[in-house]
Amino acid sequence: MSLKRTHKCGELNASHAGQDVVVCGWVDNWRDHAGVFFVDLRDRYGRVQVVFSPENPPAFAAAQKFRSEYVLAVKASVAKRPENAINKELSTGEIELHVLEVEVLNASKTPPFPIKDYVDVSEDIRLTYRYLDLRRPALRDKILMRHKIAQLTREFFNGEGFIEVETPILTKSTPEGARDFLVPSRLREREFYALPQSPQTYKQILMIAGLDRYYQIVKCFRDEDLRKDRQPEFTQIDVEMSFIDEDDIMSLMEKFVQKLFRQTIGAKIQLPLPRHTYQDCMRRFGSDKPDTRFGHELCDLTPVFQGTEFRAFQSAASEGYIGGLYFPEAVAFSRKQTDDLIALAKSFGAKGLAWMKYQDGAFDGGISKFISDAEKSRLVEQVGMASNGLLLIVSDENVELAQTVLGVIRNRLAAELNLIDESKLALHWTVDFPMLEYSPDEDRYVARHHPFTSPKPEDMGYIDSAPEKARARAYDLILNGNEIAGGSIRIHTREMQEKVFSALKLTPEEARAKFGFLLDALSFGAPPHGGIAFGFDRLVMLLSGSSSIRDVIAFPKTASAMGLMENTPSEVDEAQLKELNIRLIH
RNA sequence: GGGGUCGUAGUUCAGCCCGGUUAGAACGCCUGCCUGUCACGCAGGAGGUCGCGAGUUCGAAUCUCGUCGGCCCCGCCA
C-alpha cells in the first residue's frame, strides 16, 4: 500500500475544496458513462463520489474493472461539484474527488447480497456474512450508537464517583435462577466452573470490601431459550452502592437515563419518574411492566358477577377474579378476530376468553345471552361504557393469571388497532414486588428477584407466616412496556440472609456449600447496600429503534443459539475431552 | 419440551390449494453501447439438486410423513 490515508470518505465537504487528499474505502456503487466513470467510495464515516475521467488515462483504464466492494485507495483533489450536479442527499454531496492516482488494495467477489440498506435479506444470510451486513450503514450506525451509549455510561458513573471493577467469568454454579453454562475444570477433575448469570454476589462483596460505588459493563450468560430480546450471552450495566436506600438508587438512575435519552435521541425526560406498585400495575394493566403509553385499563368485574347464574364465572366470582377490557375501537371485530384473541388468551393459560359487543345500548354476541339484565346494567356502570365497543372478559380462580392474560390482550389490541403513540416515551418504576413466589413445580417458595433481596422491614413477619405477602425492596425501570433495569436493596446481615435461605427451603448445609463465602462476608461488617442492573443490549435496541436485540450485537446467535458465521457450537477433539475427563454418552 | 410460520436463480419473491409444457418476475451478475450520473440509462445474455430424505402416483416445486435450518410465541428466563 503506497498511498497513505489523509482523510475519511465521510468527513469531506466544501471546506476541503482545492485540497489534495487520500481516502480509502469500499466501492459502494459504480456508474460507467463511457466518457466518465463514477465510483461512490464508502467507509465507516460515509460516502463520497470519485470521478475517473480520460484526462488521467491510467486511472481511467483501471476504473473499468472496479466492481462492488473492491477496496481502493484514491489520491485526488477535492473539487466543488457543478451547481446542477450537487447531491443534497449526501453529506459530501457538494464536492467530488478528481482522481490523481488509484490503488486497488483488494478485489472482491460479488457479495451474496448488495451492501444497501434498502435491500431486504433474510437473517440467516445476513448472519452468515455478518462482516458484509455490518458494512451496511443501518447496522453500522446501531453498533456506533451502542458504543456511544457505553461511553455515556462510563462518563456518567465515573462522574458520580463509581469505579469499574472486573469480576470473574469463571465462577461458581448456583442453585437459584437460570440454567448455568458450565466449564469443565482440567486441573480438578469432576469439578466445573459456571459462567456468571450476573456478577451479583461479587458486587455485593465489593461493597463489603468497602469500595462504596461500583459499576461494570459486563457480559452475563444464561443457558435458556432465546427470544427476540434475549441472547444466551448479553451485556448488563451493573451497579452497586453502599449506605443508600431505594430512593437514592432510583433518583440517581433517573439522572442517568435522562442523560442517555438527551444525548442519544435528544429526548427530554421529566424527573422524577412516576412509581407504581406491583399491585397497582397488575390491577390496572395486568402486567408488572405495563406499557403506559395508552390507557384501556383493566376493569374489575368480580363484584358485577356475585351470585351469577353463568356457570363459567361462578367459581371465579366467589373465589377468584373476573376482569374486563373495553375497546370501543374493536367494535367491528370479526369472528376470526375474536377467535384469535381467544387462542392468544389460551396460549397464556386462560381457560377461555369471553366477549360481548355493546351496541346502541344493548349487548350482542358472545356470552351476551347468558348474562342477566341486572348484570348487564351493572356492567355498563362498572366499565363506564359511553360508546359502542367490544368487551373482553377473563375469569379465573388465579387472580394474577387472569390479570396477566388481560394484560397480554391489552397489549395485542393496542398494537393491532394502532393505539400506541410511537413518539411517546413512557418511563416509570414498578416497586413493592412480592419477595417470594410459590413454585408448584418445586413445591416451595422461590425468590422473585433473587435470594439476596431484602424484604421491606414492615413485612418481615410475613416471611414465616405468609410468605406470599412479604414485599421486597425491589424496583424495576420500565420503558414503553419493556423492563430496562431491575434491582433491589440487598440483605446485609448474615441472620437475615440465613432466614431467607431457609424460607427458600435451602438447608443450612446447602446454603453453606453454595453461598458460604457470602454468608461469611456478611458477618464481617457488611454495609447496607443495594444496586441495579440495566439490560444494555435491550436499552440500545430501544434507543436505536431496533426490533431485535440481534441488531445491536455485532455477532449474535440465532434463535437456536448457533453462530452461523463461525459455526458454533461445534464438536471438539476426542483428546480435548479426555483431558477434561469427559465422555460423551451418545 | 410444545405451537405457529417460512425455505423455489446470487438476493427478494410468484407458482403450491386444484399434481401434468422448457419452473417465472424484479433486482443483482456478465457482454456491448452511452461524458454528469449518484438505487444512472439502453440492448442482449448467463444463471435452478424447488433445503434434505423417504412415501403416494404413470408423473411431485405442488399431496403425505420425517428431518435440517431461519423467524415468532408458550414453557423456561429477570
Side-chain angles (χ1 to χ4, degrees), chain A residues 28-42 47-55 60 67-69 81-90 92-93 96 109-129 132 176-180 197-198 200 220-232 234 236 288-289 340 343-350 404-405 408 412 430 433 437 439 441 446-450 453 472 474-478 482-488 532-535 538 547-548 550 557-560 562 564 567:
Chain A
D28 189 65
N29 207 359
W30 53 277
R31 294 173 295 279
D32 181 0
H33 286 259
V36 62
F37 195 103
F38 298 102
V39 164
D40 296 332
L41 206 61
R42 178 191 67 238
R47 206 152 55 103
V48 67
Q49 174 164 279
V50 184
V51 187
F52 295 81
S53 79
E55 288 160 39
F60 186 70
R67 293 295 180 267
S68 295
E69 301 311 308
R81 294 197 191 186
E83 200 65 43
N84 61 350
I86 287 174
N87 184 346
K88 291 198 175 69
E89 306 291 302
L90 219 54
T92 61
E96 61 192 9
K109 294 205 292 186
T110 301
F113 56 88
I115 314 303
K116 311 280 185 200
D117 283 333
Y118 61 83
V119 175
D120 229 9
V121 186
S122 62
E123 198 154 353
D124 47 341
I125 294 166
R126 292 175 51 202
L127 289 170
T128 304
Y129 300 96
L132 298 180
E176 301 287 310
R179 187 181 296 112
D180 287 317
Q197 297 175 25
S198 81
Q200 182 59 37
C220 304
F221 306 86
R222 291 175 189 163
D223 189 6
E224 298 292 349
D225 287 2
L226 292 81
R227 288 285 188 280
K228 69 169 187 263
D229 61 352
R230 265 166 38 191
Q231 286 270 307
F234 61 99
Q236 281 188 349
D288 60 358
K289 45 175 177 156
D340 285 350
L344 179 70
K346 285 183 173 166
S347 80
F348 277 82
T404 301
V405 170
V408 167
R412 166 68 66 92
T430 301
F433 280 86
E437 182 173 44
S439 161
D441 280 359
V446 296
R448 201 180 170 97
H449 184 59
H450 57 54
T453 301
Y475 32 81
D476 280 0
L477 181 57
I478 311 302
N482 298 279
E483 180 195 331
I484 57 171
S488 63
I532 194 165
F534 287 78
R538 207 172 286 182
S547 53
S548 159
R550 293 185 299 275
K557 303 280 189 283
T558 67
S560 53
M562 298 200 296
L564 293 183
N567 191 23

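Here the structure is a predicted model, which is why all the values come from computation and not from measurement. Each chain gets a letter, A, B and so on, in the order its sequence line appears, and its residues count up from 1.
Between the side chain of Arg230(A) and the base of C77(B), a donor-acceptor pair under 3.5 Å is found.
Atom CZ in Arg81(A) sits about 7 Å away from atom C1' in C38(B), given to the nearest Å. Atom pair Phe37(A):CZ and U37(B):C1' shows a separation of 12 Å (rounding to whole Å applied). Separating the CG atom of Asn87(A) from the C1' atom of A39(B) is a distance of 11 Å, rounded to the nearest angstrom. As a whole-Å value, the separation of Glu96(A) CD from G36(B) C1' is 8 Å. The CD-C1' distance, from Glu224(A) to G1(B), rounds to 13 Å in whole Å. Taking atom CD1 of Ile125(A) as the reference point, atom P of G51(B) lies 14 Å away to the nearest angstrom. At whole-Å resolution of the value, CG in Leu477(A) and C1' in A78(B) are 14 Å apart. Taking atom CG on Asp32(A) and atom P on C34(B), their separation rounds to 10 Å, with Å as the unit.
Backbone-only engagement by Gly177(A) is indicated by non-hydrogen atom pairs under 4.0 Å involving sugar-phosphate atoms exclusively. Residue contacts for Gln200(A): at a heavy-atom cut-off of 4.0 Å it reaches no nucleic acid atom on any strand shown. At a threshold of 4.0 angstrom between heavy atoms, the contacts of Arg67(A) are confined to the sugar-phosphate backbone, with no base atom among them. Across all strands, Asp223(A) comes closer than 4.0 Å to no nucleic acid atom at all (heavy-atom distances).
Comparing Arg47(A) and Arg179(A) against RNA chain B, the residue whose closest nucleotide sits nearer the 5' end is Arg47(A). Mapped onto RNA chain B by nearest heavy atom, Lys116(A) and His449(A) fall at different nucleotides, with Lys116(A) at the one closer to the 5' end.
The salt bridge (charged side-chain N to carboxylate O under 4.0 Å, His left out) test applied to Asp476(A) returns no partner, not counting sequence neighbours. Residues passing the side chain to side chain donor-acceptor pair (under 3.5 Å) test with Asp117(A), sequence neighbours excluded: none. By the side-chain contact (heavy atoms from CB on, under 4.5 Å) test, Ser53(A) pairs with Glu55(A), sequence neighbours left out. Thr128(A) meets the side-chain contact (heavy atoms from CB on, under 4.5 Å) test with Leu564(A); sequence neighbours excluded.
The partner of A61(B) cannot be assigned: no Watson-Crick or G-U wobble pair with both contacts below 3.5 Å exists in any strand. Judged by Watson-Crick or G-U wobble contacts below 3.5 Å, the nucleotide U21(B) has no partner. When both pairing distances are held under 3.5 Å, C16(B) makes no Watson-Crick or G-U pair with any nucleotide shown. Within the shown strands, G4(B) is the pairing partner of C71(B) under the Watson-Crick or G-U definition, both distances less than 3.5 Å. C30(B) and G44(B) make up a base pair, with Watson-Crick or G-U wobble contacts both under 3.5 Å. Here C50(B) sits opposite no nucleotide as a Watson-Crick or G-U wobble pair (both hydrogen-bonding atom distances under 3.5 Å).
The backbone N or O of Asp28(A) lies less than 3.5 Å from a partner atom in the side chain of Lys116(A), making a donor-acceptor pair. The backbone N or O of Ala178(A) sits less than 3.5 Å from a side-chain atom of Gln197(A), completing a donor-acceptor pair. The backbone N or O of Lys289(A) lies less than 3.5 Å from no partner atom in the side chain of Thr430(A), so there is not a single donor-acceptor pair. Put simply, the side chain of Arg230(A) gets close to the backbone of Asp225(A): a donor and an acceptor are under 3.5 Å apart. Of the possible polar contacts, none joining the Tyr475(A) side chain to the Gly486(A) backbone as a donor-acceptor pair under 3.5 Å is found. Under a 3.5 Å cut-off, the side chain of Thr558(A) and the backbone N or O of Ser560(A) do form a donor-acceptor pair.
Separation of the C1' atoms belonging to C74(B) and C38(B) is 49 Å when rounded to the nearest angstrom. With P as the reference atom, C30(B) and C65(B) are 44 Å apart, rounded to whole Å. The P atoms of U8(B) and A61(B) are separated by 15 Å, rounded to the nearest whole Å. Comparing the P positions of C6(B) and C13(B) gives an interatomic distance of 12 Å, to the nearest angstrom. Atom name P, nucleotides G47(B) and C33(B): the rounded distance is 23 Å, in whole Å. Look at the C1' atom in both U35(B) and G15(B): the space between them is 44 Å, to the nearest Å. Comparing the C1' positions of C34(B) and G41(B) gives a spacing of 8 Å, expressed to the nearest Å. Remark: the separation of the C1' atoms in U62(B) and G24(B) is 15 Å, to the nearest Å.
In Tyr129(A), the OH atom is not crowded: 12 or fewer heavy atoms of neighbouring residues, nucleotides or ligands sit closer than 6.0 Å. For CZ of Arg412(A), the number of neighbouring non-hydrogen atoms (other residues, nucleotides, ligands) closer than 6.0 Å is 12 at most.
Closest approach to the Val121(A) side chain among U35(B), C38(B), U11(B) is made by U11(B) (side chain taken as heavy atoms from C-beta onward).
Stacking between Phe113(A) and U11(B) is absent: the aromatic ring centre is not both under 5.5 angstrom from the base six-membered ring centre and within 30 degrees in plane angle.
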Exercise for the section: Produce a footprint string for nucleotides 66-74 of chain B: one letter per nucleotide, 5' end first; B if the base is under 4.0 Å from any protein heavy atom, S if only the sugar-phosphate is, - if neither. Expected result: ---SSSSSB
Can you tabulate the close N/O pairs, meaning under 3.5 Å, that link protein atoms to atoms of nucleotides 23-28 of chain B?
none

